[in-house]
Chemist: 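The structure follows.
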Amino acid sequence: MKPAPNRLILESSPYLLQHAYNPVDWYPWGEEAFSIAKEKNLPVLVSIGYSACHWCHVMERESFEDSETALLMNQNFINIKVDREELPAVDAIYMEAVQAMTGQGGWPLNCFLTPDGKPFYGGTYFPPVSTHQRPAWKSILLQLSKLFVEQRDQVEEQAQKLTDHLATDPGFLKIPVEETDNSIPQQQIAKAFLQLSQQWDSQLGGYHRAPKFPSPFVHFFLAGFIENHTQTNAYAQLVLNLNAMARGGIYDQVGGGFHRYATDPEWLIPHFEKMLYDNVLLSRLYLQAGARFDNAEWRSTGTETLDFLIEEFWNESVGAFSAALDADSEGIEGKYYVWNPTELLQLSKELSLSEVLPEIGWKAAGNWEHTQIICRPNGRKNNPQKVEDFLQHLKESRKHKIHPQKDTKLLASWNGLALHTFSYAWGITQNPVYKEVMQGLIKFLTETCTLDGNWFHTYSINSGPRFIAGIEDYAYILRGLIEAHLHLEDPELIPMTLQLLQVADEQLLDSSDGFYFSAPKGVDQLIVRKKEFYDNAVPSGNAVMTENLWWLGRITENDNLVSRAKKNVLKILPVAVTYPSAFGHWLMLAQLMEMDLTEVRLDPKFNKAVYSQFWKMGIPGIWVHGDKNLAGTGKVQICTRNVCHLPLDTIEEGIEFLKNQNPLTTLSLQN
């Protein structure tokens with residue numbers, strides 16, 4: 001007989017619903033839980049995770065489904081379960097608190113609070129039985145309950161000190177920037193590159209240690225840096241990194257799409273969850289790099305990833321993408337994605353394709369825990385069609401396996417990132433499917449995620465829009481709409497973006513320093529209002545919002561917006577140079593500002609296929625648009641670094657002109 005559900009049964013988040021039949025008396029995040037904590041004078045446990053998180057599932061099975069453990073939790077704590085993807089501002093506060101206390105973070109995140117929400121202890125995963133590295137969960141519960149009762153004054157003092165720490169803004173926000181100081185110092189950008197290069201694994205790609213994360217923001221910066229610094233090793237490192245990821249097990253060679261990260265130095269063994277944000281960011285990176293450096297393998301990786309997203313994540317009825325695919329199936333991490341080496345050998349013989357085995361990294365004993373993770377160690381140069389045929393057979397065969405669970409939650413922020421990517425993808429490929437997706441996303445973000453003049457973070461068919469929008473929603477939606485305008489030239493999109501920027505300024509802008517809070521004032525019972533500056537799994541909301549200011553300022557010729565953007569970058573740049581791996585999006589933006597726009601003005605009679613010829617060049621910061629002053633001439637005019645050159649007579653001349661302006665002639669484009 002199924003147990004009675006707890007309060008989470010009324011929620012829409014798949015992650016929360018996974019916990020709805022736990023014996024733990026879970027509350028969702030909100031005023032009710034904290035009111036009861038104050039009434040009963042009990043500490044609060046906030047347990048934060050997400051649907052695709054492997055160790056979240058492990059802790060649920062080991063502890064939250066255990067009736068004895070649940071009794072301890074229910075008697076001594078008010079227990080709140082949070083989906084970090086629904087409430088990123090809540091997650092950010094308590095993640096920072098746990099990192100301050102322990103020096104590390106991750107999910108599941110378990111943070112213990114006073115009844116008014118102030119943290120006094122926390123950690124990540126706790127096992128049911130103590131190990132030499134981690135105490136047992138029940139032991140932690142007993143100790144903290146006793147501590148809260150017997151040493152309440154010390155608990156309150158610790159909680160207040162930690163809360164004061166969380167409320168302290170970083171010092172770089174107070175750095176004054178003179179009105180006349182509007183240039184981006186190129187030497188600072190070069191210094192950031194030097195810092196990064198010292199952290200690279202020059203043999204296997206990525207950073208020196210495992211786990212290895214794709215870090216798309218750093219790679220966008222790297223691709224832009226190459227434009228002005230072709231004599232450095234930046235290009236060689238970009239080639240090494242992108243090839244290693246595209247050919248390793250972190251990329252699903254059978255079904256397409258990237259897993260979250262690699263657990264080994266060679267990019268072979270992934271943590272198998274697949275996230276929307278990773279895949280829209282990485283597909284854009286591979287498309288842009290493939291276009292800029294004329295690399296067919298990278299272009300294919302990019303388009304395959306987009307096609308995977310449409311096949312696996314697209315919710316056609318709503319016009320938006322789901323959030324994630326789980327790492328586990330049948331309770332085993334990666335089971336859906338790995339193969340029996342003997343079965344692979346037999347299949348290759350049946351199909352008369354034995355020669356493909358070396359091309360998929362096959363080993364008789366397997367390459368991970370006696371199973372085979374498919375990889376492409378030699379790239380796509382050898383027997384490409386036969387390998388593709390074999391992989392297609394594997395894809396059909398995999399349909400008979402139990403599919404990992406999908407988190408069907410629809411997030412405005414991540415779909416804003418998707419709009420940016422699919423707009424760019426349509427611009428350079430002219431694939432009509434990508435345009436349909438782009439148009440569906442525009443409608444979802446500007447109509448479905450709004451209600452009574454307010455913008456929201458999540459949407460579900462059952463509950464509609466929920467959770468008031470935060471910095472990532474505004475920033476990513478704006479960036480997606482700007483990119484859509486660049487490719488569609490829809491006259492309604494720029495007024496819409498300017499209106500949305502005004503709302504974001506009213507809700508989130510701190511006029512004293514020019515940066516944005518993560519959440520509006522008075523929302524979600526937050527103990528502090530934070531500003532996020534560094535990249536996490538997604539780019540810094542403040543960095544993307546600053547990028548929006550710059551793009552809108554340049555497109556609409558609004559010098560005030562451009563000035564705001566440059567001030568923000570100049571304030572951040574000193575700390576970004578010191579910690580470049582955490583500030584990749586800021587560095588990319590600084591590089592873009594230093595290079596400035598490459599503006600291509602065309603006779604408006606030309607169709608988008610002509611525009612696409614310029615987009616396909618992959619030049620960072622290129623803006624192609626019709627100019628009524630050239631109407632009827634058939635000409636093209638190129639403007640670079642605020643200088644407009646004489647109009648040229650043909651499209652071919654324009655492309656040749658740009659090639660000469662952006663030659664990349666000192667690079668070896670062999671991969």
Side-chain angles (χ1 to χ4, degrees), residues 1-33 36 44-67 69-70 73-74 77-91 94 107-110 125 260 272-277 312-315 317-318 320-333 336 402-415 448-449 456-467 524:
M1 181 176 175
K2 200 169 188 178
N6 56 51
R7 293 170 185 80
L8 300 185
I9 196 66
L10 300 176
E11 296 298 306
S12 58
S13 158
Y15 176 68
L16 298 187
L17 290 171
Q18 287 167 12
H19 293 77
Y21 289 92
N22 294 166
V24 177
D25 188 17
W26 291 116
Y27 288 79
W29 179 269
E31 184 178 347
E32 180 187 8
I36 293 174
V44 175
L45 164 66
V46 173
S47 182
I48 304 174
Y50 58 104
S51 177
C53 169
H54 171 70
W55 286 103
C56 298
H57 298 324
V58 172
M59 191 164 180
E60 181 191 12
R61 290 194 298 267
E62 293 175 341
S63 295
F64 303 150
E65 292 180 352
D66 178 68
S67 57
T69 304
M73 294 173 66
N74 295 339
F77 301 90
I78 299 300
N79 303 288
I80 299 175
K81 180 52 82 170
V82 171
D83 182 336
R84 77 173 180 96
E85 295 161 0
E86 282 192 333
L87 295 168
V90 173
D91 176 59
Y94 295 114
W107 298 276
L109 186 75
N110 293 290
Y125 164 77
R260 180 72 192 93
F272 288 92
E273 65 197 44
K274 288 181 176 180
M275 312 301 294
L276 173 60
Y277 55 77
E312 291 276 8
F313 280 58
W314 183 242
N315 184 326
S317 66
V318 181
F321 288 99
S322 297
L325 284 177
D326 207 328
D328 301 5
S329 56
E330 301 179 70
I332 300 173
E333 184 180 11
Y336 182 75
I402 294 178
H403 197 280
Q405 183 174 338
K406 183 185 299 183
D407 187 333
T408 56
K409 180 170 64 263
L410 304 172
L411 299 172
S413 55
W414 297 2
N415 276 282
T448 308
C449 289
F456 290 86
H457 175 58
T458 70
Y459 177 83
S460 72
I461 295 174
N462 294 329
S463 60
R466 288 189 69 193
F467 304 110
D524 296 332

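Computed from a predicted model, the values in this text were never measured in an experiment. For the numbers below, each heavy atom of this structure counts, side chains included, while hydrogens, waters and symmetry mates do not.
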Chemist: When you look at CD of E31, are more than 12 heavy atoms from neighbouring residues, nucleotides or ligands closer to it than 6.0 Å?
Modeler: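 Counting neighbours around CD of E31, 12 or fewer heavy atoms of other residues, nucleotides or ligands fall under 6.0 Å, so no.
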Chemist: Does one side chain, of Q18 or S51, offer a donor that lies under 3.5 Å from an acceptor on the other?
Modeler: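 Short answer, yes.
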Chemist: For the pair E312 and H403, evaluate side chain to side chain donor-acceptor pair (under 3.5 Å) and give the outcome as yes or no after the intermediate values.
Modeler: CA-CA 11 Å; E312 291 276 8; H403 197 280; 3.0 Å; yes
Chemist: Using a 3.5 Å distance criterion without hydrogens, assess whether the side chain of D407 forms a donor-acceptor pair with backbone atoms of A324.
Modeler: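 No: the side chain of D407 does not pair with the backbone of A324.
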Chemist: Heavy-atom distance under 4.5 Å between the side chains of V24 and H19, does that happen here?
Modeler: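 No; the side chains remain at least 4.5 Å from each other.
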Chemist: Do Y15 and E85 have side-chain N/O donor and acceptor atoms under 3.5 Å apart?
Modeler: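 There is no such pair between these side chains.
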Chemist: Rounded to the nearest 0.5 Å, what's the gap from CG on L276 to OG on S322? Could you check?
Modeler: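 Separation between the atoms: 8.5 Å.
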Chemist: With a 4.5 Å cut-off on side-chain heavy atoms, are S12 and N462 touching?
Modeler: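 The answer is no, as the side chains (C-beta and beyond) never meet within the 4.5 Å cut-off.
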Chemist: Search all heavy atoms of Y94 against all heavy atoms of I48 and return the closest pair with its distance.
Modeler: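 Looks like CB-CD1, 4.3 Å.
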Chemist: Please report the shortest heavy-atom distance between N74 and P23, naming the atom on each side.
Modeler: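 Minimum heavy-atom separation between N74 and P23: ND2-O, 3.1 Å.
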Chemist: Start with the C-alpha distance between Y27 and R7, add both sets of side-chain angles, then the distance that settles side chain to side chain donor-acceptor pair (under 3.5 Å), and finish with yes or no.
Modeler: CA-CA 6 Å; Y27 288 79; R7 293 170 185 80; 3.0 Å; yes
Chemist: Find the distance between CG (D326) and NZ (K406) and round it off to the nearest 0.5 Å.
Modeler: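 If we round to the nearest 0.5 Å, D326:CG and K406:NZ are 12.5 Å apart.
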Chemist: About how many Å separate CD1 of I402 and OH of Y336, when rounded to the nearest 0.5 Å?
Modeler: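 If we round to the nearest 0.5 Å, Y336:OH and I402:CD1 are 11.0 Å apart.
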Chemist: Does M73 offer a backbone N or O that forms a donor-acceptor pair with the side chain of N79 under 3.5 Å?
Modeler: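 Pair found, side chain donor or acceptor close to backbone of M73.
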Chemist: Sort out for me which residue in W314, F313, W414, Y459 forms a ring-ring contact (aromatic ring centres under 6.0 Å, His included) with F321.
Modeler: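 Result: among W314, F313, W414, Y459, W314 is the only option passing the ring-ring contact (aromatic ring centres under 6.0 Å, His included) with F321.
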Chemist: So does L411 get a backbone contact from the side chain of N415, meaning a donor-acceptor N/O pair under 3.5 Å?
Modeler: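 Looks like yes, one N/O pair under 3.5 Å.
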Chemist: Please tell me if the side chains of T408 and N315 come closer than 4.5 Å, counting only heavy atoms from C-beta onward.
Modeler: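 The answer is no, as the side chains (C-beta and beyond) never meet within the 4.5 Å cut-off.
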Chemist: May I ask you to test the Y277-R260 pair for a side-chain heavy-atom distance under 4.5 Å?
Modeler: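 Answer yes - side chains close enough.
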Chemist: Would you mind reporting whether I9 and Y21 have side-chain heavy atoms less than 4.5 Å apart?
Modeler: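 Yes, at least one pair of side-chain atoms sits under 4.5 Å.
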Chemist: Please confirm whether the backbone N or O of E60 pairs with a side-chain atom of N22, one donor and one acceptor, at under 3.5 Å?
Modeler: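 No.
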Chemist: Check P28 against I80 and note the closest heavy-atom contact, atom names and distance.
Modeler: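 Distance-wise, the nearest heavy atoms are C-CG2, 3.9 Å.
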Chemist: If the test is side chain to side chain contact (heavy atoms under 4.5 Å, CB included), which one of D83, V82, V46, L109 qualifies with D91?
Modeler: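 Of D83, V82, V46, L109, side chain to side chain contact (heavy atoms under 4.5 Å, CB included) with D91 is met by L109 alone.
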Chemist: If I compare all heavy atoms of N110 with all of M59, which pair ends up nearest, and what's the gap?
Modeler: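 Smallest heavy-atom distance, with atoms named: ND2-SD, 3.5 Å.
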Chemist: Side chains of S47 and W26, heavy atoms from C-beta outward: is any pair under 4.5 Å?
Modeler: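 Yes, their side chains come closer than 4.5 Å.
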Chemist: Which heavy atom of E273 sits nearest a heavy atom of M275, and at what distance?
Modeler: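 Closest approach of E273 to M275, heavy atoms only: OE2-SD, 3.9 Å.
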Chemist: So which atom in R61 and which in D328 form the shortest heavy-atom distance, rounded to 0.1 Å?
Modeler: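 Looking at all heavy atoms of both residues, the shortest contact is NH1-OD2, 4.4 Å.
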Chemist: Just so I know, are the side chains of E86 and L16 near enough to count as touching, which here means a heavy-atom distance under 4.5 Å?
Modeler: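 Side chain of E86 against side chain of L16, heavy atoms only: contact under 4.5 Å found.
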Chemist: For the residue pair P404 and K274, establish whether any side-chain heavy-atom pair is separated by less than 4.5 Å.
Modeler: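 No. Closest side-chain heavy atoms not under 4.5 Å.
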